Amino acid sequence: MQIVDAQIHLWTNDKAPPHHRQQPFRIDDALRAMNVAGVDRAINCPAIWDPQANAYAVEAARLHPDRFATLGWFNLDREPDSQFLDEFVRQPGMLGLRFVFWNQEQLESFAAGKLDWIWEAADRLGIPVGFTLPTSLYGPLASVAVRYPRMRVIVDHLGVSPFLKIPEAVAHLDDLLLLATRPNIAVKATGVPGMATDAYPFASTHSALKRVFEAFGPRRVFWGTDITRLAPSWRECITLFSEELPWLKGDDLELVMGRAVDWVGWS
């Protein structure tokens, strides 16, 4: 079974936020840990706290195209420029884009349609765009998915904040599951142990995982970790899915753990 982590961060500076590893997480660090755990590939979401992270992601994909690919980012306050975006996603290993919406200006720009030039380009190119965003933007996000059906929308971390534990962490779940009606919206099942209230096998998370799986199906749920903010080992994050969820077996398990990643364009 091929195992593909749907979200890691690589970076080289010392500016990581407190909830992440405080040392840089470089290419060699990731490869060593992936080899120990049995992770075949990883989608790198360049760290937003490192201005050089996109360039480093391109280097990782160029050096190890069979191990790393990228969902890159750029500043959302830049002037609309479709030529820039076309050139940006032509870089080695660049599957698509990912953005974190965290300040009021960004939220207002999204809701007001000021970022539609990005979604229009993503639709034209047929590329994925990942989102970390509050529940208040699920309505506008669904609208984007309807208007741009060739754009592939991915919601990070099941929509769960890294700072919340169950039950607060999954209070939004009904709203998230409504997005499953759109065939071009998928979710990353990443960071799951971080919301658990118990030790491995994190039984407190299992019912939420099952609900998400039943709504989105095995081709639109992608296993992953966001490993640099988790206490459990990479291997435990794998076996949580591969051994501890009795309803996730066979072809469905293989899809969730890696085969479904062709949905984001990494064959």
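Positions are given from 1 along the sequence. Since we're looking at a predicted model, the values are computed, not measured.
- Contact annotation: the side chain of L31 approaches that of I27 to within less than 4.5 Å [non-hydrogen atoms, C-beta and beyond].
- Distance check: H19 NE2 to S161 OG gives 8.0 Å after rounding to the nearest 0.5 Å.
- A cation-pi arrangement is not found for R147 relative to W119, the charged atom failing to lie both closer than 6.0 Å to the ring centre and inside a 45° cone about the ring normal.
- Residues F101 and L115 form a side-chain contact, since some pair of their non-hydrogen atoms from C-beta on lies under 4.5 Å apart.
- The shortest side-chain heavy-atom distance between N184 and R182 falls under the 4.5 Å cut-off.
- You'll find the side chain of L97 reaches within 4.5 Å of the side chain of V89, heavy atoms only.
- Crowding of E243 atom CD: a count of heavy atoms from other residues, nucleotides or ligands under 6.0 Å exceeding 12.
- A 4.5 Å side-chain heavy-atom check between V153 and L141 finds at least one atom pair inside the cut-off.
- In terms of hydrophobic clustering, with Ile, Leu, Val, Met, Phe, Trp and Tyr side chains grouped at heavy-atom distances under 4.5 Å, F99 and V144 are assigned to a common cluster.
- In this structure, the ring of F131 has its center no less than 6.0 angstrom from the ring center of W102.
- Follow the hydrophobic side-chain contacts under 4.5 Å out from L95 and you never reach W223; the two are in separate clusters.
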Throw together a table of side-chain donor-acceptor distances under 3.5 angstrom for residues 64-71, partners on residues two or more places apart or in other chains.
residue : atom : partner : partner atom : Å
R67     : NE   : D40     : O            : 2.7
R67     : NH1  : N35     : OD1          : 3.2
R67     : NH2  : N35     : OD1          : 3.0
R67     : NH2  : V39     : O            : 3.1

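- Using modelled atom types, no side-chain atom of R220 and backbone atom of V187 make a donor-acceptor pair closer than 3.5 Å.
- With hydrogens and angles ignored, the 3.5 Å screen pairs a side-chain donor or acceptor of R150 with a backbone N or O of D123.
- Panel note: side chain N13, backbone W49; a donor-acceptor pair is recorded below 3.5 Å.
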Problem - Worked verdict on M94 versus V58 for side-chain contact (heavy atoms from CB on, under 4.5 Å) - result: CA-CA 7 Å; M94 196 68 70; V58 171; 4.1 Å; yes

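- Note that CD1 of I8 is 6.0 Å distant from CE of M34, once rounded to the nearest 0.5 Å.
- Using cut-offs of 30° and 60° on the angle between ring planes, the pair W247 and F213 is tilted.
- Proximity of a side-chain donor or acceptor of N75 to a complementary backbone N or O of R78 within less than 3.5 Å is not detected.
- Judged by distance alone, with hydrogens and angles left aside, the side-chain atoms of Y148 form no donor-acceptor pair with the main-chain N or O of S143 at under 3.5 Å.
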Problem - Stepwise side-chain contact (heavy atoms from CB on, under 4.5 Å) check, S109 with L76 - result: CA-CA 9 Å; S109 293; L76 290 170; over 6 Å; no

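- The CD atom of E59 sits 9.5 Å away from atom OG1 of T12, with the distance rounded to the nearest 0.5 Å.
- A side chain to side chain donor-acceptor pair (under 3.5 Å) with T228 is found for one member of Q23, Q22, H20 and no other, namely H20.
- Remark: D252 does not engage R219 in a salt bridge, criterion side-chain N to carboxylate O under 4.0 Å.
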Exercise for the section: Please assess M195 against T205 for the test side-chain contact (heavy atoms from CB on, under 4.5 Å), listing each intermediate value before the final yes or no. Expected result: CA-CA 7 Å; M195 66 177 175; T205 69; 4.0 Å; yes

Donor-acceptor contacts, no H, no angles, side chain residues 164-175, under 3.5 Å, sequence neighbours left out:
residue : atom : partner : partner atom : Å
K165    : NZ   : G194    : O            : 2.8
H172    : ND1  : A169    : O            : 3.2
H172    : NE2  : L158    : O            : 2.8
H172    : NE2  : G159    : O            : 3.4
D174    : OD1  : R211    : NH2          : 2.6

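- For the pair H157/D226, a side-chain contact is recorded, criterion being any heavy-atom separation below 4.5 Å from C-beta on.
- M257 and V261 fall into different hydrophobic clusters, where Ile, Leu, Val, Met, Phe, Trp and Tyr residues are linked whenever their side-chain heavy atoms come under 4.5 Å apart, directly or through other members.
- Side chain of E236 to main chain of P201: no donor-acceptor pair is present (N/O by atom type, distance under 3.5 Å, no hydrogens or angles).
- A side-chain donor-acceptor contact under 3.5 Å links D198 to the backbone of A203.
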Exercise for the section: Evaluate side-chain contact (heavy atoms from CB on, under 4.5 Å) for V129 paired with M151, printing each intermediate quantity in order. Expected result: CA-CA 7 Å; V129 182; M151 169 182 162; 3.8 Å; yes

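- Although no hydrogens or angles enter the test, the distance criterion places no donor-acceptor pair under 3.5 Å between the side chain of T190 and the main chain of T225.
- The shortest distance between side-chain heavy atoms of Q7 and D156 falls below 4.5 Å.
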Exercise for the section: Report the C-alpha separation of D81 and W117 in whole Å, then their side-chain angles, then the decisive distance to 0.1 Å, and conclude whether the side chain to side chain donor-acceptor pair (under 3.5 Å) test is met. Expected result: CA-CA 8 Å; D81 186 346; W117 70 276; over 6 Å; no

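- Listed for the N44 side chain is a donor-acceptor partner under 3.5 Å among the backbone atoms of L10.
- Residues I3 and V256 are members of one and the same hydrophobic cluster, defined by side-chain heavy-atom contacts under 4.5 angstrom among Ile, Leu, Val, Met, Phe, Trp and Tyr.
- Counting heavy atoms from C-beta on, the side chains of R98 and K188 come closer than 4.5 Å.
- Put simply, I118 and L133 are part of the same group of oily side chains (I, L, V, M, F, W, Y) that touch within less than 4.5 Å, one to the next.
- Within the 3.5 Å criterion, the main-chain N or O of I48 finds no donor-acceptor partner in the side chain of W11.
- For F25 and H9, the gap between ring centers reaches or exceeds 6.0 Å.
- Note on ring orientation: taking the six-membered ring where Trp is involved, the planes of F88 and F84 are tilted (angle from 30° to 60°).
- We find the CG-CG distance between L125 and D86 to be 5.0 Å, quoted to the nearest 0.5 Å.
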